[in-house]
Amino acid sequence: MTPAFFLVILCLGVVSSASAIDLSLDFEWKEWMKKYEKSYSLEEEVLKRAVWEENVKRIKLHNRENALGKNSYTMEINDFADMTDEEFKEVVMGVTLPVDNTRKSLWKRALDALPKFVDWRNEGYVTRVRNQRKCNSCWAFPVTGAIEGQMFKKTGKLIPLSVQNLVDCSKPQGNRGCRWGNTYNAFQYVLHNGGLEAQATYPYEGKEGPCRYNPKNSAANITGFVALPESEDVLMDAVATKGPIAAGLHVVSSSFRFYQGGIYHEPNCTSSVNHAVLVIGYGSEGNETYSNNYWLIKNSWGRKWGLGGYMKIAKDRNNHCAIASLAQYPTV
């Protein structure tokens with residue numbers, strides 16, 4: 001095939017794709033590009049626009065069904081709307097199940113009666129939502145979040161800890177930086193390393209780099225960590241009595257990534273963990289019923305996602321999306 005012939009084929013492809021574009025969405029597309037600071041080449045924009053339109057249709061259909069009471073949460077056209085499910089999984093999600101996490105701790109309930117509502121943000125245990133960007137480092141954020149909470153409980157000081165320290169330095173424990181990792185290995189690193197730097201001295205870069213940990217800058221350390229039994233009752237007890245808990249989730253990218261508000265419930269969730277979050281509380285919306293209970297989780301996709309970076313996900317519904325399957329917290 002000659003270069004000239006290839007160029008003709010390419011141009012015909014672009015024209016063909018452009019002809020399928022819904023012109024009624026032009027204003028919405030331009031406003032979305034402006035809001036999320038998107039910029040493409042001519043050919044790339046045609047392809048991205050097509051993906052975006054498919055996602056827009058999916059989101060608007062879901063929200064129409066929500067208005068009719070057919071689901072429990074709303075979705076929005078956010079920063080991820082120009083990505084296919086496959087692209088999203090490749091650049092954002094990456095959690096592996098730890099081999100050694102089969103040794104779950106025994107759990108003795110701390111309180112006979114647990115509070116009906118918990119939100120550790122109100123007690124000063126939770127730092128601001130951060131953004132992992134296009135780096136599969138979701139596994140590192142709940143580890144720093146859980147340690148931040150326990151250090152605050154111990155010292156009264158809330159210090160944002162370094163996710164980048166974990167991304168760069170926990171490879172000997174089995175993590176792979178921006179490719180994938182898990183919370184168990186990250187806790188192991190902090191424990192055996194004897195410390196973790198603060199965000200201020202080891203800032204997040206959204207990419208892998210050489211390990212630059214300096215023990216003189218250590219801002220936190222742990223004496224161990226607890227892997228909880230796979231039980232929502234145990235998770236509730238731990239969240240109520242210990243503080244924020246690192247947890248795994250199975251994320252169905254076609255719905256989870258566009259979450260806006262309400263209680264997220266996804267029938268296609270399984271027990272296969274592929275994302276990590278920080279459980280910072282729980283509660284109930286409206287009448288206190290089985291279907292209205294939720295876990296409050298902190299995500300690592302920035303404050304423009306979900307409820308300012310947070311989500312309410314179904315609680316007491318058969319370990320929905322594996323929320324209690326990989327729950328851990330540190331001791332300090």
Side-chain angles (χ1 to χ4, degrees), residues 10-93 128-138 141 178 204-207 249 251-266 268 275 277 285 296-313:
L10 177 62
C11 290
L12 286 174
V14 170
V15 171
S16 177
S17 298
S19 65
I21 285 175
D22 185 346
L23 297 178
S24 69
L25 294 174
D26 271 357
F27 178 78
E28 198 169 346
W29 166 249
K30 291 173 183 176
E31 288 296 299
W32 176 84
M33 287 183 63
K34 181 179 178 181
K35 179 178 180 179
Y36 293 103
E37 300 178 346
K38 301 285 184 174
S39 178
Y40 313 105
S41 66
L42 177 62
E43 293 82 3
E44 186 183 23
E45 181 170 351
V46 172
L47 298 174
K48 288 293 186 180
R49 170 74 179 259
V51 172
W52 178 85
E53 286 195 11
E54 285 301 312
N55 285 325
V56 167
K57 291 175 183 177
R58 181 194 305 176
I59 291 165
K60 290 184 175 181
L61 174 61
H62 174 91
N63 288 343
R64 285 196 297 270
E65 292 177 343
N66 175 265
L68 297 173
K70 294 183 178 181
N71 57 64
S72 58
Y73 66 99
T74 57
M75 299 200 297
E76 65 179 336
I77 307 164
N78 61 23
D79 191 25
F80 305 126
D82 62 345
M83 301 170 71
T84 65
D85 288 343
E86 291 71 25
E87 288 172 329
F88 179 79
K89 292 173 186 176
E90 183 178 346
V91 301
V92 178
M93 299 189 309
R128 293 177 67 185
V129 171
R130 288 183 273 183
N131 194 338
Q132 69 185 75
R133 305 200 289 271
K134 291 184 178 181
C135 170
N136 282 334
S137 57
C138 62
F141 287 86
C178 283
Y204 188 67
E205 298 171 351
K207 60 183 180 180
L249 277 180
V251 165
V252 177
S253 64
S254 59
S255 60
F256 190 98
R257 63 178 163 132
F258 298 126
Y259 170 80
Q260 180 181 46
I263 299 177
Y264 179 80
H265 181 267
E266 171 55 72
N268 293 316
H275 188 52
V277 296
E285 285 190 351
L296 182 62
I297 62 174
K298 179 186 180 184
N299 204 359
S300 53
W301 296 346
R303 284 175 287 167
K304 290 182 179 180
W305 179 86
L307 299 167
Y310 297 87
M311 169 188 263
K312 294 177 179 179
I313 187 170

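Computed from a predicted structure; not experimentally measured.
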Assess whether a salt bridge exists between [X] and [Y], defined as any Lys/Arg side-chain N lying under 4.0 Å from an Asp/Glu carboxylate O.
X    : Y   : value
R133 : D79 : no
K38  : E44 : no
R49  : E53 : yes

Just checking, is any N or O donor in the side chain of E28 or W52 under 3.5 Å from an acceptor N or O on the other one?
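No.
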Any side-chain heavy atom of [X] sitting closer than 4.5 Å to one from [Y]?
X    : Y    : value
D22  : V56  : no
V252 : Y264 : yes
H62  : I59  : no
Y40  : M33  : yes
E31  : K35  : no
N71  : H265 : no

Please find the pair of heavy atoms, one from [X] and one from [Y], that lie closest to each other, and give the distance.
X    : Y    : answer
I263 : S72  : O-OG, 2.5 Å
G206 : C135 : O-CB, 3.5 Å
S255 : M75  : O-SD, 3.6 Å

With distance as the sole test, does [X] use its side chain to make a donor-acceptor pair with the main-chain N or O of [Y] at under 3.5 Å?
X    : Y   : value
N66  : Y73 : yes
S253 : K89 : no
N55  : I77 : no
W32  : N78 : yes
D82  : V51 : no
R257 : F88 : no

At what distance, to the nearest 0.5 angstrom, does [atom1] of [X] lie from [atom2] of [Y]?
X    : Y    : atom1 : atom2 : value
L42  : L47  : CG    : CG    : 10.0 Å
I297 : K312 : CD1   : NZ    : 12.5 Å
M83  : E86  : CE    : CD    : 10.5 Å
E76  : Q260 : CD    : CD    : 4.5 Å

Can you list the residues that meet the side chain to side chain donor-acceptor pair (under 3.5 Å) rule with Y36, with sequence neighbours excluded?
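With sequence neighbours excluded, Y36 shows a side chain to side chain donor-acceptor pair (under 3.5 Å) to no residue whatsoever.
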Kindly say whether the aromatic ring centers of F256 and W301 come within a distance under 6.0 Å.
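Yes.
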Could you walk me through whether F141 and Q132 satisfy the side-chain contact (heavy atoms from CB on, under 4.5 Å) test, starting with their C-alpha distance in whole Å, then the side-chain angles of each, then the deciding distance to 0.1 Å, before giving a yes or no?
CA-CA 8 Å; F141 287 86; Q132 69 185 75; 3.4 Å; yes
Begin from the C-alpha positions of I313 and V277 and carry the test side-chain contact (heavy atoms from CB on, under 4.5 Å) through to its verdict.
CA-CA 11 Å; I313 187 170; V277 296; over 6 Å; no
What is the ring orientation for W305 with Y259, classed by angle as parallel under 30°, tilted 30 to 60°, or perpendicular over 60°?
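If you compare the ring of W305 with that of Y259, the planes turn out tilted.
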Checking E87 against K48 for the salt bridge (charged side-chain N to carboxylate O under 4.0 Å, His left out) test, could you report, in this order, the C-alpha distance in whole Å, the side-chain angles of both residues, the deciding distance, and whether it holds?
CA-CA 12 Å; E87 288 172 329; K48 288 293 186 180; 3.7 Å; yes
